[in-house]
Structure formats: structure tokens, C-alpha cells
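Beneath this line is the structure, given in C-alpha cells, with notes to follow.
What you see below is based on every heavy atom in this structure, not just the backbone, and it leaves out hydrogens, waters and symmetry mates. Treat the numbers as computed from the prediction; the structure is a model and nothing was measured. First the proteins, then the strands, lettered A, B, ... as listed; each starts at 1.
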Amino acid sequence: MNDATILSSALSRSYKHGFVTSIHADTLPEGLDEAVIQQISSRKQEPEFMLAWRLAAYRHWCDMTEPHWSSVRYPPIDYQGISYYSSPFAKNQDAVALEDVDPALLATYAKLGIPLDERLSLAGVAVDAVFDSVSVATTHQKKLAQLGIIFCSMSEAVREHSELVRRYLGSVVPAGDNFFAALNAAVFSDGTFCYIPPGVRCPMELSTYFRINAARTGQFERTLIIADRNSYVSYLEGCTAPQRDRHQLHAAVVELIALEGAEINYATVQNWYPGDARGRGGIYNFVTKRGECREDRARISWTQVETGSAITWKYPSVILRGAGSIGRFHSVALTHHYQQADTGTKMIHIGRDTHSTILSKGISAGHGHNAYRGLVKVLAGANGARNHSQCDSLLLGSECSAHTYPCIEVRNHSAKVEHEATTSRIGEEQLFYCRQRGLTREEAVALIVNGFCQEVLRELPMEFSVEARKLLEVNLEGSVG
Amino acid sequence: MNILEVRDLHVSVMHKPVLRGVDLVLHGGGIHAIMGPNGSGKSTLAHVLAGRDDAQVTAGTMLYQGMDVLAMTPEIRAGAGMFLAFQNPVEIPGVSNVRLLKEASNAHRRYLQLPEMDAMTFRSQLQDRARRLGLADDWLLRAVNVGFSGGEKKRNELLQMLVLEPHLAILDEIDSGLDIDALTTVAEGINSLRDAQRAMLLITHYPRLLDLVVPDKVHVLIGGRIVLTGGPELAGQLEARGYGWLAEEHS
Ligand SMILES: Nc1ncnc2c1ncn2[C@@H]1O[C@H](COP(=O)(O)OP(=O)(O)OP(=O)(O)O)[C@@H](O)[C@H]1O
Ligand SMILES: [Mg+2]
């Protein structure tokens, strides 16, 4: 393929989720101070403890400085130029039933392929959809309730299940954990809450779909998942945003708590608007995700496919406190055009016989910049701890880059920690081999990249691995010359 | 119409002339063998026919079924029925044999404006062919060429050929590294595709393959030129005498 056709194909296909929905919204003016936080809290009719928690976080945040230790580069963010709350509903009104929801909003989700109508929803998948700042509808709620599973928006949980929220919120990611987590704690507007009671195996995939619609708003959602003793849950989040030429901030927090013998599988397919081919616009995805295997034999697994965002900055981590607990991290991060990703994980081994596995696949194309940053920390009491890390990078083209920053701290002699890393360039020989079998250059690249990510993709539930494959293909379009 | 017509082909690799005036004409049903010492340019000829871009054609023409090969991308050549079994097939980690074959087969069908084959039919035909080559059922799920032995790679190339049913098959040392039984199986596979519409170019160092797949002609390539062409008996003579006597005549 010559340069002209590549260019035109790259230009003709664009981000397919980049439409804007025009909707009446209740949006707070840009800017942040204690009054704004009080407004958010009162609009959500929160109990007193929540407001106190938010304000404490805000005061903490005011004393913090934005971190710049990662390898990502971006112009300064004007925190007073962002609106911290945008709701597609009129003031003081929550979506009670689907009938009350603005049809334009339902149409948006249909366009994204997420039917909120339960009859249409993917069999076996319960969906919570967050539009800008507010959770719009939670499907399958009743069916789950019969098993004692709570699956609802964070706002609802704060009001209806305040004891659980009070007990667990901030227990893994404290309000003042880091700059973006503190900001989130102060202003988070919604998100998903999930509680699985002891011994219950959640019979369907739980899923949240996040969508940023309004311009100049930030999205600050907070997810809290608690798997009680010997329970199991598999959870998936997906994200999209309209195409806008200004950068938008997304600073989410996800906390997972797995109690004795419980298992949480958390998967993300992130396709926020990445910006255009010249690096204009796109989401800044600065996210804190952390899980704790709080008791013995608990398991937490993070799987992520990161194809979108102008900048991705996240390190889904596991604190392995309970003896014999297991943490896993599987990641595919694709950066194309001027996208930047600095992502990885932390595995903190506290309990004895704790095991962790890290498998990271980074793909860089165009001027993409991809860094893996990982910490494996084995504390003195973690006898028999084990970690295996594998970080592979694939480069497409000569303007992109990949870096790995593995950090290992071991304070226990019986621990075994292994780290392997490879960097390869997509081979001309592989491409030629596939083309000799009839595949176009783009098809060949997609096939080879898919193969490179195969071990991670197979961790995803079936429907989502198909979706993830497609996203990789779409996001790679125009990446070969 | 000729299937392949190569005239006065000059090719350089890294600015070094490798082929220096090759002529080759293959008719439907024809099988030609190319023999020659290491480094004489046999694989380069195969690559340039298939469209590898690190080999530059500096002069000459190549026609496939009357079409100018140089105007076609590698994938269009493949779609039009040109197939190369590689001397050193490359590994593609994480991509299963069945996946590659399915994509390849669909690409070929698109080229011919045929609808995609349904998954079940494709799978059963594929399994059938794999068994014929003595490849175990789980073969299809293994990643392309990853961890394959030398002989397994060759059998895999042949499997791809049997699936894609090319009109021009260029088999670059398909017989290297095969055990005695495998050689027989592979020869049977090649012969099964032999018919009046197809042509084949066998690159080999050993007359044994040519005993099983008998060619119409044997060419000897030395220093980038075909220095001698004969019948199938030439292979045996070369084995007995080596290339030295020819090299002297043409140096
Ligand atoms: N990528 C390359 N860079 C430099 N030289 C090359 C390259 N590819 C081929 N050559 C050279 O071109 C010449 C012909 O190589 P070719 O592979 O065609 O030989 P061959 O006849 O197939 O040999 P063999 O019998 O060993 O397979 C050799 O001298 C080889 O070193
Ligand atoms: Mg060769």
C-alpha cells in the first residue's frame, strides 16, 4: 500500500463512538471549591458522613501537587476550568424507571450497542450505565436481588446501603491516596456499587458502561466491589466518549475487596476517545484501581484492554494480605498516533504463600508512547511468596516507543520473583508470509497483533474478547506504511 | 496461455546482483525443478515471484497468466493463485494454524468473489487434509510454526498449499528435513494437486523428491543464471557429479 492510500484510509475511518447526544442537562458551572462539593452532595441527597468525607478529601487535595513522575507528557490541567457535575436529569431527580429516561439517552446507548432494556440486553450480562456523572439505569437488578446481590449505582448505595459504603469506601484507596484519587473522593458523582453475599456465585457478568457526553466536564466515577466469603463475581467495564478537540479529564477510582475464599475478576475494555491523528483532543484517563485480598485464599484478577484515551495512566494493583491469596494482572495497551500510556501494576505480597502473575502486552504504533511500570513488593512476613512477570512490547513503525520499568523489592528470602521482558518489532517476514497467503498488509498486522495479545484476550469473557479484537483492529487502522 | 513467463530477469538484493538474466516458461500441467549450489539465487527467484520487496527487479519481465506480476501486490498475486512454500517459514506467536488458514482461505475467496465458506465446512475439510498429511487433530490449534520441527514446518506449508489450491506453486526446498515417510506423504500431496491447469516450480537439492514428483524439466541455476536445462535424468547426474564441472564452464 502506498502512503497516499494509507493516509486516506486513516482519515476516512474515524473513532466510531465520537458522536454527541444533545440532551437537557443539569450541569454545575466550571470550577471547584467547597460550595461545589456541597452542591454535589446535596443534589445526590447524601448522608452527612459522605459530605464530611468529601470535604476532608478536598482539603487534603488542596495541599497536594499533581504528580509528574510518570513518563506521560501533557500541558497543565486547569482544574478550575472543568465542570464537576453534569446530569442528564433535572435537578433532584434520579432515574427511577427506564420510562422516565430521556429517549435520546437510551438511543445513545443503543448506538453504542448497550441496550438498557432488559429484554434486549446481552443474555447473562447485567449493565449499569454511567452517562457523564450519573448512573442511568441498572438492568437485571431484581433478579440479582433474589440472590442477595446488590448491584446499583454508587449514589443509590450511598443512600440505601450506607452501612456497607461507610465500612468499605476508601478502605483500599484512601481518600488522600494520591492527587487524582483525592480529587475523585472530593467530587465523585457516581459509579457502580456491588456486593456479593457469602457463598454466592454471581450467575451473570456484571458490567458498567461509562460514557462522557458533555463538553468540558470531567468524569469522576467511583466503583466499589465487595465479594464476601467464598463468593464469586466477574465484572466488566467499558468506556467511550464523544470526539471533541479539547482534552477531557477522567479520574476514576475502583476499589475491590475480596474476603476469605472469594474471587473477583475485573475486566476493562477502555476505548475513550484517543484524540485525532495529530494528537488533538482525547481523554486523559488517570485512574486508580486497587484490590485487596483481605482474607485467606482470596483471588483478584485484573484484565485490561486499553485502546483509547489520549493518555492512560493507571496501575491496577492487588494487595495480597490473606494467606494463600492470588493476584493476577493481564494487560494489553495499544498506543497509536500521539497516544501515551503509562500503565502496569503493583503486587504487594503481605501474607504467606501469596502468588501473583503479571502479563503485560504493549503495542506502539505511529508516534505512540507505551510504558510498563510495575512494582512487585514482598514484605518480610510473606513466606513462600511467588511472582512471575512477563512484559512484552511490540513496535509498529519507527517513530513509536516502548519502555519497561519493573521494580522489585523483596524482604523475604523464601520468595521467588521472576521477571522477563521482550521487545520486538513487527517482522517484515511475518507480514510477507501473511500477505503471501492473501492477507492485506492491514489484515496481516491485525492478525499478528491479535496473536501477540492472545494470552490476555482469552482471559476476557467471550463476547468481550470479540469486541476487544475488533477495537484493536479499528485502532490500528492506518498504522502500517 | 502460459502460467508463468519470466524473461531476462535481473534482480539485486541490497544492491548486489543476485539474478543475472533468468528465463523460465511454465505451461499448464508443467512441473519444473530448479537445482543449484547454495547462494546461487534460487530462493531469491522464489521471493521475487511472490513479491518480497527486499529483492529489486532491475531488468526483465514476469508474466503470470498473462498479467504483469510487478504491477501486483503480494496479496493480489496470492489471490490470483501464486503460492510460495517458504524455505524458512516464519513463526507467528499466538496465531493458530486454523486462524491463519481461515483468513487466507477467505482472502482467496474474496479475490474470486466467492462468499466465505461456513465455519463447519471449512473445519471439516481442513481436518481431512491435515490427517492426509499425518498431522494430529490438535495441530490446527497450535500457533503457526511456533516450536515446529523442521519437517513439521514443511508439512504445514504443504497443508496450506492443499487448502489454497494454487495455480502456480513454488515449493522452496519443501523436501528438506523430511523423514523418509514424510517425503512420500508430501510427494503424494504435491501430486494430488497436479493437473493441466496448474504449474509447479520445485526448488530442491535432492533427486529423491524428483523421483516421486517427476518434473518435465530440471534447470541448474548457478551465479544467478540458468546454465543448463535437462530432463528428469539431470537430477541424478548432478548428484553423481556435483556442480563443479558446470561452474567452471560458466565462470
Ligand atoms: N537479505 C539479504 N541480504 C544480503 N544478501 C542476501 C539477502 N538475501 C539473499 N542474499 C544473498 O543472495 C544470494 C542468493 O541467496 P538465495 O537465498 O537466493 O540462495 P539459494 O540459492 O536459495 O541458496 P540455498 O540453496 O542455500 O537456499 C546469496 O549470496 C545470499 O547471501
Ligand atoms: Mg534457498
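Of the listed residues (A/R437, A/Q454, A/E455), the one with the most heavy-atom contacts under 4.5 Å to chain B is A/R437. Heavy-atom pairs under 4.5 Å with chain A were tallied for B/A107, B/A104, B/P74; the largest tally goes to B/P74.
In this structure, the portions of A/Y433 lying under 4.5 Å from any heavy atom of chain B include both its backbone and its side chain. Using a 4.5 Å cut-off between heavy atoms, B/P166 does not touch chain A at all. For a residue to count as touching a neighbouring chain, one of its non-hydrogen atoms must lie under 4.5 Å from one of that chain's; by this rule B/I92 touches chain A with backbone and side chain alike. Contact annotation for B/Q160: only side-chain heavy atoms (C-beta onward) come within less than 4.5 Å of a heavy atom of chain A. Heavy atoms closer than 4.5 Å to chain A are found nowhere in B/R77, neither backbone nor side chain. For B/N145, the part lying under 4.5 angstrom from a heavy atom of chain A is the side chain only.
Look at A/E418 and A/R386 and you find no salt bridge, because none of the NZ, NE, NH1 or NH2 atoms lies under 4.0 Å from a carboxylate O. Residues B/E157 and B/R155 are not paired through a salt bridge, judged by the lack of any N-O separation under 4.0 Å between the basic side chain and the carboxylate.
Without hydrogens or angle criteria, B/N191 side chain to B/A187 main chain gives a donor-acceptor distance under 3.5 Å. Between the side chain of B/D118 and the main chain of B/T121, a donor-acceptor pair closer than 3.5 Å is present. In this structure, the side chain of A/N370 engages the main chain of A/A333 through a donor-acceptor pair within 3.5 Å.
Judged by the 6.0 Å and 45° rule, A/K361 forms a cation-pi pair with A/F452.
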